[in-house]
Engineer: 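Quick one: the structure is below, and I'll ask about it shortly.
Owing to the predicted nature of the structure, the values given are computational and were not obtained by experimental measurement. Start at 1 with the first residue, then count along the sequence.
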Amino acid sequence: MPIEMSIWKVNDTITKLDYERIESEQKLEETLVEDFSIISDSLLVIGSQVKTTFNKRIDILAIDELGNLSIVELKRDKTPREVVAQAIDYASWVQDLTLEDIHHIYEKCFDRDLESAFQEKFGYVLPEEVNVNHDILIVCTELDLETERILNYLSSNYGVPINAVFFKFFKDNGNEYLSRSWLIDPSIVEEKTSNSATEGKKEKWNGRDFIFNFQSDEDCRSWEDAVKYGFVSAGNGSWYTRTIKNLKAGHRIFVYMPSRGFLGVGIVRHEYQLMKNAQVHFDGKQQFLKDLKLKASRMAHDIDDEERCEYVVPVEWINTLPVSEAYQFKGVRANQNTVFKLRHQFTQEKLEERFDLM
């Protein structure tokens, strides 16, 4: 059924607030460009009224922390067929945008460099590989039955990463309020995005191999400790630890130290453990990592804080290298996540050869 949203003020009496329809979508676009966190705090707007090569304009184009793009189209007075067809048409143009194109779009709109804005927003550098995936978001102040039916059909039956967010403005004694509702749970659309037709741009994953970005920090984590006691770890916030949860016993990981190179390969012995509970196999027995002599003197930082503490993954090493001999080569695929799937066949072959896995 079409989404409906109302707000009541509850004081001595119950009063339904007035829904403001006039110019609401024009006001909404201005509001979103000014503060896009109303839709998502994990997206950076890179352009508004972005002109395509076929002389149409995308209302808003945004980029996420992984370099994936979001096409945001306001419904305004378009019919469902018009808005959906137009958004998909825009997506066919967006899918071929290069890193250089994205830089140009941002700098033309905001008159500053994208690298600085990206680092300011997300806290790390813009990935070298961008626009691997993209999604579509229809923004409207009123969602009719036909639009809802079309979007659900495309998402459910064909895995199209498309969603709608529904806003309404309300007035009360000179005050204005904005309410928001999603047609489909955004986490479901995110999953569809990673498995969408654009997946064809990626090489097939073998179901086993991952790359682990081991961030060097002699106070909080040390590669020497990791090799000696058999583990990898990450901490200091959910961004660094969330992808660790994808590792399960039996997975194989290639460890990469950013700006240095690859340091080792091993088999995951057990899924992640919080530092306070983490155990490793050392001296022929299971021991708590926090009780062992560690070069990283602050590895037990924030030990009772599940948001900030170290997340530890026990590993059985197959082959390792000292940091001074880290293996680097041209053509390696980078990714900002702590853990990501190794899909690149060239990288796979180079690593298997270097670590004697052929």
Engineer: For E115 and Y106, which I'm curious about, is there any donor-acceptor pair between the side chains at under 3.5 Å?
Structural biologist: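 No, no side-chain donor-acceptor contact under 3.5 Å.
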Engineer: Listed by chain and number, what are the side-chain hydrogen bond (donor to acceptor under 3.5 Å, both in side chains) partners of S116, not counting sequence neighbours?
Structural biologist: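 So S116 forms a side-chain hydrogen bond (donor to acceptor under 3.5 Å, both in side chains) with D113.
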Engineer: Is any side-chain heavy atom of N337 less than 4.5 Å from a side-chain heavy atom of R242?
Structural biologist: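 SC-SC contact between N337 and R242 confirmed.
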Engineer: Distance from F110 atom CZ to K108 atom NZ, nearest 0.5 Å?
Structural biologist: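 Rounded to the nearest 0.5 Å, the CZ-NZ separation comes to 13.5 Å.
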Engineer: Quick one: closest heavy-atom pair of I71 and A91, and the distance?
Structural biologist: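 Between these two residues, the closest heavy atoms are CD1-CA, 3.4 Å.
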Engineer: Tell me the salt bridge (charged side-chain N to carboxylate O under 4.0 Å, His left out) pairs involving residues 32-47, sequence neighbours left out?
Structural biologist: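 Listed once each, the pairs are D41-K121.
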Engineer: Sorted by first residue and then second, give each salt bridge (charged side-chain N to carboxylate O under 4.0 Å, His left out) pair with at least one member in residues 304-319; sequence neighbours left out.
Structural biologist: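 Residue pairs passing salt bridge (charged side-chain N to carboxylate O under 4.0 Å, His left out), neighbours aside: R221-E310, R269-E316.
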Engineer: Name all residues meeting the salt bridge (Lys or Arg N to Asp or Glu O under 4.0 Å) criterion together with K248; count only those two or more places apart in sequence or in a different chain, and write none if there are none.
Structural biologist: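 Only E271 meet the salt bridge (Lys or Arg N to Asp or Glu O under 4.0 Å) criterion with K248.
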Engineer: Hey, are Q49 and D59 close enough side-chain-wise for a donor-acceptor pair under 3.5 Å?
Structural biologist: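 There is such a pair between these side chains.
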Engineer: Is L114 close to L44 at the side-chain level, that is, under 4.5 Å between some pair of heavy atoms?
Structural biologist: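 Contact flag for L44/L114 side chains = yes.
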Engineer: Using modelled atom types and a 3.5 Å cut-off, is there a donor and acceptor pairing between side-chain atoms of Y90 and backbone atoms of A85?
Structural biologist: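 Not confirmed, Y90 side chain does not pair with A85 backbone.
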Engineer: More than 12 non-hydrogen atoms from neighbouring residues, nucleotides or ligands closer than 6.0 Å to CD on E100, yes or no?
Structural biologist: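 Counting neighbours around CD of E100, 12 or fewer heavy atoms of other residues, nucleotides or ligands fall under 6.0 Å, so no.
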Engineer: Closest heavy-atom contact between I162 and L154?
Structural biologist: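 That closest heavy-atom pairing would be CG2-CB, 4.2 Å.
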Engineer: Roughly how far, to the nearest 0.5 Å, is the CG atom of L351 from the CZ atom of F346?
Structural biologist: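 Answer for the CZ-CG pair, F346 versus L351, is 9.5 Å.
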Engineer: Would you say that I253 contacts V315 through its side chain, given a criterion of any heavy-atom pair below 4.5 Å between the two side chains?
Structural biologist: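 A side-chain contact under 4.5 Å exists here.
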Engineer: Would you sort out whether S297 and D219 count as a side-chain contact (heavy atoms from CB on, under 4.5 Å), showing the intermediate values?
Structural biologist: CA-CA 5 Å; S297 59; D219 288 333; 4.2 Å; yes
Engineer: Any chance CG of D291 has more than 12 other-residue heavy atoms, nucleotides or ligands included, within less than 6.0 Å?
Structural biologist: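 Yes, because the 6.0 Å sphere around CG of D291 holds more than 12 heavy atoms from other groups.
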Engineer: Look only at the side chain of W223 and the backbone of Q215, and say whether a donor-acceptor pair between them is shorter than 3.5 Å.
Structural biologist: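 Not at all, since once roles are kept as given, no pair shorter than 3.5 Å links the two residues.
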Engineer: What residues, two or more places apart in sequence or in another chain, satisfy side chain to side chain contact (heavy atoms under 4.5 Å, CB included) together with R252?
Structural biologist: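 Testing R252 for side chain to side chain contact (heavy atoms under 4.5 Å, CB included), a comparison that skips the adjacent residues, returns R208, D209, F254, V265, I267, I318, Q348, E352, L357.
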Engineer: Take W93 and T53 through the side chain to side chain donor-acceptor pair (under 3.5 Å) test and state the conclusion after the steps.
Structural biologist: CA-CA 8 Å; W93 178 76; T53 52; 3.3 Å; yes
Engineer: Show your working on side-chain contact (heavy atoms from CB on, under 4.5 Å) between K341 and N206 and close with a plain yes or no.
Structural biologist: CA-CA 9 Å; K341 295 173 181 177; N206 63 15; over 6 Å; no
Engineer: Where do S233 and M299 come nearest, in terms of heavy atoms and distance?
Structural biologist: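 Smallest heavy-atom distance, with atoms named: OG-CE, 3.5 Å.
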Engineer: Applying side-chain hydrogen bond (donor to acceptor under 3.5 Å, both in side chains), can you list everything that pairs with K56, at least two apart in sequence or on another chain?
Structural biologist: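 For K56, no residue satisfies side-chain hydrogen bond (donor to acceptor under 3.5 Å, both in side chains) once neighbours in sequence are set aside.
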Engineer: Just to verify, what does E353 make a side chain to side chain contact (heavy atoms under 4.5 Å, CB included) with, not counting sequence neighbours?
Structural biologist: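 Expected list: M358.
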Engineer: Could you check whether any side-chain heavy atom of I88 comes within less than 4.5 Å of a side-chain heavy atom of I136, counting everything from C-beta outward?
Structural biologist: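 When only atoms from C-beta onward are counted, I136 and I88 do touch, with a gap below 4.5 Å.
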Engineer: Working note: Q328 + M257, criterion side-chain contact (heavy atoms from CB on, under 4.5 Å); need CA distance, chi angles, decisive distance, verdict.
Structural biologist: CA-CA 10 Å; Q328 188 69 279; M257 183 175 288; over 6 Å; no
Engineer: Where is the tightest heavy-atom contact between Q287 and L292, given as atom of each residue plus distance?
Structural biologist: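 Result for this residue pair: OE1-CD2, 3.2 Å.
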Engineer: Hydrophobic clusters here meaning ILVMFWY residues chained together by side-chain heavy-atom distances under 4.5 Å, can you tell me if M275 and L247 are in one?
Structural biologist: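 Per the 4.5 Å side-chain linkage, M275 and L247 are not co-clustered.
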Engineer: Measure across S70 and D135 and return the closest heavy-atom pair with its distance rounded to 0.1 Å.
Structural biologist: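 Taking S70 first and D135 second, the nearest heavy atoms are OG-OD1, 2.7 Å.
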Engineer: If we ignore hydrogens and angles and just use 3.5 Å, is the side chain of N131 paired with the main-chain N or O of L97 as donor and acceptor?
Structural biologist: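 Checking the backbone N and O of L97 against the side chain of N131, a donor-acceptor pair under 3.5 Å is found.
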Engineer: Is there a continuous path of hydrophobic side-chain contacts, each under 4.5 Å between heavy atoms, that joins I58 to I105?
Structural biologist: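 Shared cluster, yes.
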Engineer: So, using side-chain hydrogen bond (donor to acceptor under 3.5 Å, both in side chains) as the criterion, who are the partners of T241 when residues are at least two apart?
Structural biologist: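 Here no residue qualifies.
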Engineer: Could you tell me which residues satisfy side-chain hydrogen bond (donor to acceptor under 3.5 Å, both in side chains) with W317, sequence neighbours excluded, listed by chain and number?
Structural biologist: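 None.
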Engineer: Show me the pairs that pass ring pair (Phe, Tyr, Trp, His ring centres under 6.0 Å) and involve residues 279-305, at least two apart or across chains.
Structural biologist: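 Every pair satisfying ring pair (Phe, Tyr, Trp, His ring centres under 6.0 Å) with a residue in residues 279-305: Y229-F282.
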Engineer: Suppose we screen for side chain to side chain contact (heavy atoms under 4.5 Å, CB included). Which residues come up paired with T338, at least two apart in sequence or across chains?
Structural biologist: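 Result, side chain to side chain contact (heavy atoms under 4.5 Å, CB included) vs T338: F212, A234, Y240, T243, I244.
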Engineer: Answer yes or no: is there a side-chain heavy-atom contact under 4.5 Å between Y272 and V312?
Structural biologist: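 Result no, sub-4.5 Å side-chain heavy-atom pair not found.
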Engineer: Is there any salt bridge (charged side-chain N to carboxylate O under 4.0 Å, His left out) pair reaching into residues 225-241, and which pairs are they, with sequence neighbours excluded?
Structural biologist: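 For residues 225-241: none.
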Engineer: Is there a side-chain contact between I138 and N163 (heavy atoms, below 4.5 Å)?
Structural biologist: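 I138 does not reach N163 side chain to side chain.
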Engineer: Using modelled atom types and a 3.5 Å cut-off, is there a donor and acceptor pairing between side-chain atoms of S92 and backbone atoms of D89?
Structural biologist: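 Pair found, side chain donor or acceptor close to backbone of D89.
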Engineer: Quick one: are V139 and I39 in side-chain contact, heavy atoms under 4.5 Å?
Structural biologist: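 Touching, per the 4.5 Å side-chain cut-off.
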Engineer: Please report the interatomic distance CZ(F210) to NE2(H251), rounded to the nearest 0.5 Å.
Structural biologist: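 If we round to the nearest 0.5 Å, F210:CZ and H251:NE2 are 4.5 Å apart.
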Engineer: Under a single-linkage definition using a 4.5 Å side-chain heavy-atom cutoff for Ile, Leu, Val, Met, Phe, Trp and Tyr, are V227 and L294 assigned to the same hydrophobic cluster?
Structural biologist: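 Each belongs to a different hydrophobic cluster.
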Engineer: Between atom CZ of F214 and atom OG of S222, what is the distance when rounded to the nearest 0.5 Å?
Structural biologist: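 So the gap between those two atoms works out to 6.5 Å.
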Engineer: Return yes if some donor-acceptor pair links the side-chain N/O of N68 with the main-chain N/O of N133 below 3.5 Å, else return no.
Structural biologist: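 Yes: the side chain of N68 pairs with the backbone of N133.
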Engineer: Could you give the distance from SG (C309) to CG (D302), rounded to the nearest 0.5 Å?
Structural biologist: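 It is 7.5 Å, given to the nearest 0.5 Å.
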Engineer: Is there a donor-acceptor contact under 3.5 Å from the side chain of T98 to the main chain of D101?
Structural biologist: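 Pair found, side chain donor or acceptor close to backbone of D101.
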Engineer: Hydrophobic clusters here meaning ILVMFWY residues chained together by side-chain heavy-atom distances under 4.5 Å, can you tell me if Y311 and V280 are in one?
Structural biologist: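 Each belongs to a different hydrophobic cluster.
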Engineer: With rounding to the nearest 0.5 angstrom, report the NE2 to CG distance, H134 to L61.
Structural biologist: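 With rounding to 0.5 Å, NE2 (H134) is 10.5 Å from CG (L61).
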Engineer: Give the minimum heavy-atom separation between C220 and A296, together with the two atoms involved.
Structural biologist: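 Taking every non-hydrogen atom into account, C-CB, 3.7 Å.
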Engineer: In this structure, would V45 and V165 fall into the same cluster of hydrophobic residues linked by side-chain contacts under 4.5 Å?
Structural biologist: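 Yes, V45 and V165 fall within the same hydrophobic cluster.
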Engineer: Just so I know, are the side chains of Q345 and K350 near enough to count as touching, which here means a heavy-atom distance under 4.5 Å?
Structural biologist: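 No - every pair of side-chain heavy atoms lies 4.5 Å or more apart.
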